[in-house]
Amino acid sequence: MEAEPLVDLKNLHAEALVDFLAGMGKEKFRADQILRWIYLRGVTDFAAMTDLAKSFREELARRAFISDFTHETVEVSTDGTRKFLFRLDDGRSVETVLIPMEGGRNTLCISTQVGCAMQCSFCLTGTFGLERNLSTSEIVNQVCAVRRDFPVDNIVLMGMGEPLHNLDNVVDALKILYAPAGLDYGPRKVTLSTSGLVPQMYELGQRIKVNLAVSLNATTDEVRNRLMPVNRRYPLQELMQACQQFPLAPRQRITFEYILIRGVNDSQADAKRLVRLLHGIKAKVNLIPFNEHAGSEFKAPEEADMRAFQTYLLDRQIVAIRRAGKGQDISAACGQLKGRLEAEGRGLAPKVPVPGIGAGG
Ligand code: SAH
Ligand code: SF4
């Protein structure tokens with residue numbers, strides 16, 4: 001008889017773990033015990049799970065294993081941002097960024113794919129295409145590994161990849177992050193950012209609670225088509241309708257990310273159109289200066305234009321925050337991950353080395 005492949009327990013959310021254990025004739029409460037060992041104590045060896053019978057531990061070891069990440073490298077920015085690189089089983093790698101926030105809290109920016117299929121013209125990750133989806137455990141392990149060394153207060157799915165293009169694994173990963181017996185993050189501590197895959201936005205809203213961020217970046221279809229090819233499939237009107245219908249808790253808002261690019265989307269007319277687009281939506285806006293990199297001809301906005309854009313929104317009672325580009329000196333910004341590595345590997349590196357290539361959002 002051929003052996004069943006071992007199940008990675010970090011791919012199973014609580015309900016799936018209950019089912020898995022039921023298949024071994026075990027009670028439901030065993031799932032919580034095991035979740036605590038894995039996610040609170042960081043145990044990867046069943047032998048260490050001392051409140052389980054020895055025979056049960058041995059049977060678990062015959063059927064399952066617990067995967068884990070150890071970072072291969074970590075780079076520390078002058079502003080305290082840390083970029084971790086994890087090597088995956090197939091030799092590919094993924095990056096995760098820990099960003100210190102005001103008030104001493106830490107936000108962890110995690111990746112959901114290796115590469116990205118969406119091809120946004122301003123984004124370095126997008127220029128390389130999609131290599132593959134991350135599994136549920138590969139998403140969760142980024143959090144587990146960093147939490148061993150640093151407190152992680154908030155989690156943003158804003159690293160490499162389009163989370164809604166890997167929806168099933170992302171939803172399972174969120175369930176694991178939320179499990180009360182395990183990592184126990186409240187859904188309000190976790191934000192998922194999308195480029196605007198409209199059908200998957202509806203599906204996400206029905207399947208699980210999470211803060212939603214939308215990378216908007218333009219106020220006309222013409223400009224957005226040029227910046228984000230996904231807009232040709234799901235134009236602004238459909239996108240804004242999906243935002244309007246996204247389920248929100250009483251004081252919850254959708255975050256709209258808007259990268260300001262000089263002469264492309266940073267005019268007062270854009271600000272005016274943005275106010276109109278957001279009408280009737282519980283929104284806040286994150287303004288992000290475009291981060292110049294060798295893979296793109298776009299330019300960062302003038303300081304004065306950026307300020308005028310923000311003022312226009314604030315004057316109309318729209319919450320508009322300027323997001324500082326953290327970790328620029330180590331290419332650690334969201335959306336820019338693995339930029340330097342890939343650019344060099346594929347001969348796309350600039351002829352003259354540019355310090356901090358790819359640092360952005
Ligand atoms: N794919 C999802 C998840 C995050 S993408 C999405 O697009 O929403 C990474 C983030 O980095 C996005 O918010 C994107 O707008 C931002 N980003 C990408 N390239 C950038 C650049 N050159 N300058 C500033 N921000 C950038
Ligand atoms: Fe992908 Fe987001 Fe970059 Fe667009 S901005 S290419 S969706 S990672």
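Residues: numbered from 1 along the sequence shown. What you are looking at is a predicted structure, and each value in this text was computed from that prediction instead of being measured. Read the numbers this way: they start at 1 and go in the same order the structure lists the ligands and their atoms.
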Q. Between Pro163, Ser215, Ala213, which one has a non-hydrogen atom sitting closest to atom 6 (C) of ligand 1?
A. Ser215
Q | Residues Gln33 and Arg36: side-chain donor-acceptor under 3.5 angstrom | A | no
Q) Which of the numbered atoms in ligand 2 are below 4.0 angstrom from a heavy atom of Cys120? A) 4 (Fe), 5 (S), 6 (S), 7 (S)
(Q) If you count heavy atoms of other groups shown closer than 6.0 angstrom to CZ of Arg233, is the number above 12? (A) no
Q: Output the list of atoms in ligand 1 that are nearer than 4.0 Å to some heavy atom of Glu257, sorted by atom number.
A: 13 (O)
Q. Near Ile259, which atoms of ligand 1 are under 4.0 Å from a heavy atom of that residue?
A. 14 (C), 15 (O), 16 (C), 17 (N), 20 (C), 24 (C), 25 (N), 26 (C)
Q.
Does either side chain, that of Asn166 or that of Thr112, offer a donor lying less than 3.5 Å from an acceptor on the other one?
A. no
**Q.** Option set Gly161, Ala300, Cys120, criterion heavy-atom distance to atom 1 (N) of ligand 1, minimum
**A.** Gly161
(Q) Only heavy atoms of His293, strictly under 4.0 Å: list the atoms of ligand 1 that pass. (A) 22 (N)
Q: For the residue pair Leu204 and Leu212, establish whether any side-chain heavy-atom pair is separated by less than 4.5 Å.
A: yes
(Q) Is the distance from the ring center of Tyr258 to that of Phe309 below 6.0 Å? (A) yes
Q) Given Cys116, Gly159, Ala117, which one has a non-hydrogen atom that is nearest to atom 5 (S) of ligand 1? A) Gly159
Q | Whether Phe84 and Phe86 hold their rings parallel, tilted or perpendicular, with breakpoints at 30° and 60° | A | parallel
Q) Does Cys116 approach ligand 2 within less than 4.0 angstrom via side chain, backbone, both or neither, non-hydrogen atoms only? A) side chain
Q | Contact atoms of ligand 2, heavy-atom distance to Ser195 under 4.0 Å | A | 7 (S)
Q) Which of the atoms of ligand 1 are close to Glu162, meaning less than 4.0 Å from one of its heavy atoms? A) 1 (N), 2 (C)
Q: Could you list which atoms of ligand 1 come closer than 4.0 Å to a heavy atom of Met158?
A: 4 (C), 9 (C)
Q) Cut-off 3.5 Å, side chains only: do Asn169 and Asn133 have a donor facing an acceptor? A) no
(Q) Can you confirm whether Glu303 is buried at CD, in the sense that more than 12 heavy atoms of other residues, nucleotides or ligands lie under 6.0 Å from that atom? (A) yes
Q) Between Leu124 and ligand 1, which part of the residue brings a heavy atom under 4.0 Å of the ligand: side chain, backbone, both or neither? A) neither
Q | Interfacing atoms of ligand 1 (cut-off 4.0 Å, heavy-atom, Thr194) | A | 6 (C), 8 (O)
Q. Side-chain donor-acceptor pair under 3.5 Å between Thr81 and Asp79, yes or no?
A. yes
